[in-house]
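Report on one structure; see the data block that follows.
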2 protein chains.
Amino acid sequence: MSTIGKLSAAAGVKIPTIRYYEQIGLLPEAPRSEGGQRIYDHKALNRLRFIRHSRELGFPLEAIRDLLDLADQPQSSCAAADGAAKAQLAAVKTRILRLKALEAELERMIADCAHGVVADCRVIEVLGDHSLCGHEHHPQTGTL
Amino acid sequence: MSTIGKLSAAAGVKIPTIRYYEQIGLLPEAPRSEGGQRIYDHKALNRLRFIRHSRELGFPLEAIRDLLDLADQPQSSCAAADGAAKAQLAAVKTRILRLKALEAELERMIADCAHGVVADCRVIEVLGDHSLCGHEHHPQTGTL
DNA sequence: GCTACCCCCTATAGCGGCTAGAGCTTCAAG
DNA sequence: CTTGAAGCTCTAGCCGCTATAGGGGGTAGC
């Protein structure tokens, strides 16, 4: 029984984002008032909160789509939801490890900075020569 | 004295990415052979390696542009490079903290999973109700 | 010389996940 | 009945690439 603005405030999701979710089919098409404005009920709010919380946990929208499908079928096994959560956990752990390596290297670079001119700058030097950094990097892949 | 393919292999950066970097002005326009193919020298390789390493450390392209400008002026102070590295380090630390919170919550969700049907699934339940998760989230902002 | 083949070229469109803006209509309060 | 906030659609843009289509260049063997 509420407009998109109220829904936005209640769920903590911006208005254009809500319309975007509808556009890509993550939210069902909302019923409209006579004048064409979207009308939402409590179910829509729950669904949007589910999406928001999942996004905050780093799930990609496609994974959320699958989770929503699962949630819509309460009789099915929760193994798939469990699996999605485990996959997400593994992804998060990987990103933490990668970021910690970056953190260590950045700290080393900064600690070695002589605070002189660029010609002697350890930061610039290390960035230009991978062999100085002392460990392997892997190409960027993920988000978050 | 090498083609884009060799440069790509030597620097570990894909060919379309190299052309993209040239397009956005991160690499200078490469001289061309008679037939119009790009020709690269050792300086180009160094510059590309610098970019790659910086990207691996999570610097956005705009920050890399600034770092390259600095590296091109070896007489200037390295304070700016130091500052960029510190900003990047702070960003990395923030992301690590956020990801650790996510990790903890995902682990709790998964541990609580009853392995039954979706109707009783803790994973789905927690995703749908933020109040069950026991801490604050913040909206997604960063990459990596 | 000629062919076969791989490499290179440009240009355009698409990815995820939104966000911003223009220019209009609808709704609720006073 | 008027005003102004809040809604609507549509299009384009963000980052950092990646993919595809449809062509031309360069070289090694015959």
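Chain A is the first sequence line, chain B the second, and so forth, proteins listed ahead of strands; every chain is numbered from 1.
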Practice prompt. Kindly point out which of D:dT18, C:dT19, C:dG17 is positioned nearest to the side chain of B:Tyr20?
Written response: D:dT18
Item to complete: Would you please confirm or rule out a distance under 4.0 Å between OP1 or OP2 of C:dT26 and any side-chain N or O of A:Arg38?
Response: no
Worksheet entry | Heavy-atom pair of closest approach, residues A:Ile124 and B:Ala71 | CG2-CB, 3.8 Å
Discussion item. What is the separation between atom CZ on A:Arg32 and atom C1' on D:dT9, rounded to the nearest whole Å?
Written reply: 9 Å
Fill in: side chain to side chain contact (heavy atoms under 4.5 Å, CB included) involving B:Ala80 - partner list, sequence neighbours excluded
B:Leu70
Response to the item:
Taking D:dT18, D:dG7, D:dG16 as options, the one with an atom nearest any side-chain atom of B:Arg55 is D:dG16
Fill in: Inter-end axis angle, the helix from C:dG1-D:dC30 to C:dG30-D:dC1, with every axis fitted to five base pairs (rounded, 10 degrees)
10°
Fill in: A:Tyr21 vs C:dC18: side-chain N/O to OP1/OP2 distance below 4.0 Å
yes
Practice prompt. Specify the separation, in whole Å, of atom CD1 of B:Ile64 and atom P of D:dC17.
Written response: 8 Å
Fill in: Whole-Å distance separating the CD1 atom of B:Ile51 from the P atom of D:dC15
16 Å
Discussion item. Show the nearest heavy-atom pair for residues B:Leu45 and B:Ala10, with the distance to one decimal.
Written reply: CD1-CB, 3.8 Å
Practice prompt. Would you mind reading off the distance between B:Gln23 atom CD and D:dC15 atom P, rounded to a whole angstrom?
Written response: 13 Å
Fill in: Protein-nucleotide distance (A:Ile24, atom CD1; C:dG17, atom P), rounded to Å
8 Å
Discussion item. If you compare every side-chain N and O of B:Arg19 against the phosphate oxygens of C:dC9 (OP1, OP2), does one of them come in below 4.0 Å?
Written reply: yes
Discussion item. Checking A:Leu106 against B:Phe59 for the side chain to side chain contact (heavy atoms under 4.5 Å, CB included) test, could you report, in this order, the C-alpha distance in whole Å, the side-chain angles of both residues, the deciding distance, and whether it holds?
Written reply: CA-CA 11 Å; A:Leu106 285 166; B:Phe59 290 90; 3.9 Å; yes
Discussion item. I want to confirm an ordering. Mapping B:Lys6 and A:Thr17 to their closest nucleotides on DNA chain C, which one lands closer to the 5' end?
Written reply: B:Lys6
Fill in: Heavy-atom protein contacts under 4.0 Å, nucleotides 20-26 of chain D, coded B base, S sugar-phosphate only, - none
----BSS
Worksheet entry | Length of the line joining A:Tyr40:OH and D:dA6:P, which is rounded to integer Å | 16 Å
